[in-house]
Amino acid sequence: MCGPSRGKLRSASASDMGDRCMDFVAAHPDCIVRLETEPRLDRDGKWVWCHWAETGTWSGESCGLKPDGSVLEVSGHTRFEVEKQKGGEYKIARQVVYRTFANW
């Protein structure tokens with residue numbers, strides 16, 4: 001789920017994504033995420049784009065890797081493909097994340 005995909009499609013369940021996020025937060029308890037731009041829906045109403053930046057310190061184990069105390073400074077964007085439901089609500093159908101590289 002995490003790491004370079006080299007263009008290959010990967011998928012994860014909502015539970016897997018939640019577990020991975022909690023692992024990240026445990027490994028970087030001082031992490032701060034800033035939105036660099038407001039999330040926006042594209043002109044076709046199909047994708048929501050969000051640009052972000054994270055900072056923090058790798059101070060806890062993550063994915064079986066021991067922390068090295070390095071500073072985390074990454075940025076990227078996340079795209080959510082959305083489907084409009086009956087009643088006007090949107091549901092996330094797919095998520096794509098691009099980010100800069102860090103030791104963790």
Side-chain angles (χ1 to χ4, degrees):
M1 173 173 36
C2 291
S5 65
R6 294 177 173 74
K8 295 180 182 174
L9 183 63
R10 295 181 293 180
S11 62
S13 69
S15 177
D16 290 340
M17 292 295 291
D19 290 347
R20 184 67 199 102
C21 287
M22 293 309 294
D23 184 69
F24 176 85
V25 170
H28 304 85
D30 63 344
C31 180
I32 296 172
V33 179
R34 295 177 318 280
L35 294 179
E36 294 183 331
T37 61
E38 296 271 334
R40 296 188 179 151
L41 187 63
D42 72 2
R43 72 181 100 216
D44 298 324
K46 185 173 180 178
W47 290 91
V48 173
W49 296 77
C50 178
H51 293 265
W52 49 267
E54 298 174 335
T55 58
T57 309
W58 185 14
S59 59
E61 189 171 314
S62 179
C63 295
L65 300 172
K66 301 288 184 201
D68 66 5
S70 60
V71 173
L72 172 75
E73 290 185 19
V74 297
S75 63
H77 74 262
T78 303
R79 293 184 297 166
F80 298 96
E81 183 179 19
V82 294
E83 298 173 343
K84 196 168 189 176
Q85 307 294 297
K86 293 179 182 179
E89 296 291 319
Y90 284 91
K91 175 184 175 186
I92 296 172
R94 186 167 41 154
Q95 175 183 347
V96 179
V97 178
Y98 296 93
R99 60 176 289 199
T100 57
F101 181 77
N103 288 340
W104 166 86

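Residue numbers start at 1 and run along the sequence shown.
Within 6.0 Å of the CG atom in Leu35, the count of heavy atoms belonging to other residues, nucleotides or ligands exceeds 12. Counting non-hydrogen atoms of other residues, nucleotides and ligands closer than 6.0 Å to CZ of Arg34 gives a total above 12.
A pairwise comparison of heavy atoms in Glu36 and Ser75 identifies OE2-CB, 4.5 Å as the closest pair. A pairwise comparison of heavy atoms in Trp52 and Tyr98 identifies CZ2-O, 3.9 Å as the closest pair. The two residues Pro67 and Glu61 make their nearest non-hydrogen contact at CD-N, 3.9 Å. Closest heavy-atom contact between Pro29 and Ala26: CD-O, 3.6 Å.
In this structure, Trp47 and Trp49 have tilted ring planes: the angle between them lies in the 30° to 60° band. Ring geometry for His28 against Trp58 counts as parallel: the plane angle stays under 30°, on a 0 to 90° scale with 60° as the upper cut.
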- Taking it one step at a time, do Asp23 and Cys63 satisfy side-chain contact (heavy atoms from CB on, under 4.5 Å)? CA-CA 7 Å; Asp23 184 69; Cys63 295; 3.8 Å; yes
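In this structure the side chain of Arg79 never reaches within 4.5 angstrom of the side chain of Asp42, judged on heavy atoms. Looking only at side-chain heavy atoms (C-beta outward), Glu73 and Glu54 stay at 4.5 Å or farther from each other. Contact of the His77 side chain with the Pro39 side chain is not registered, since no non-hydrogen atoms from C-beta on lie closer than 4.5 Å. Counting only heavy atoms from C-beta outward, the side chains of Phe80 and Leu41 never approach each other to under 4.5 Å.
Here the OG1-CG distance, from Thr57 to Leu72, works out to 8.5 Å after rounding to the nearest 0.5 Å.
A donor-acceptor pair under 3.5 Å is formed between the side chain of Gln85 and the backbone N or O of Glu83.
Both Val97 and Phe24 belong to a common hydrophobic cluster when Ile, Leu, Val, Met, Phe, Trp and Tyr are linked at side-chain heavy-atom distances under 4.5 angstrom.
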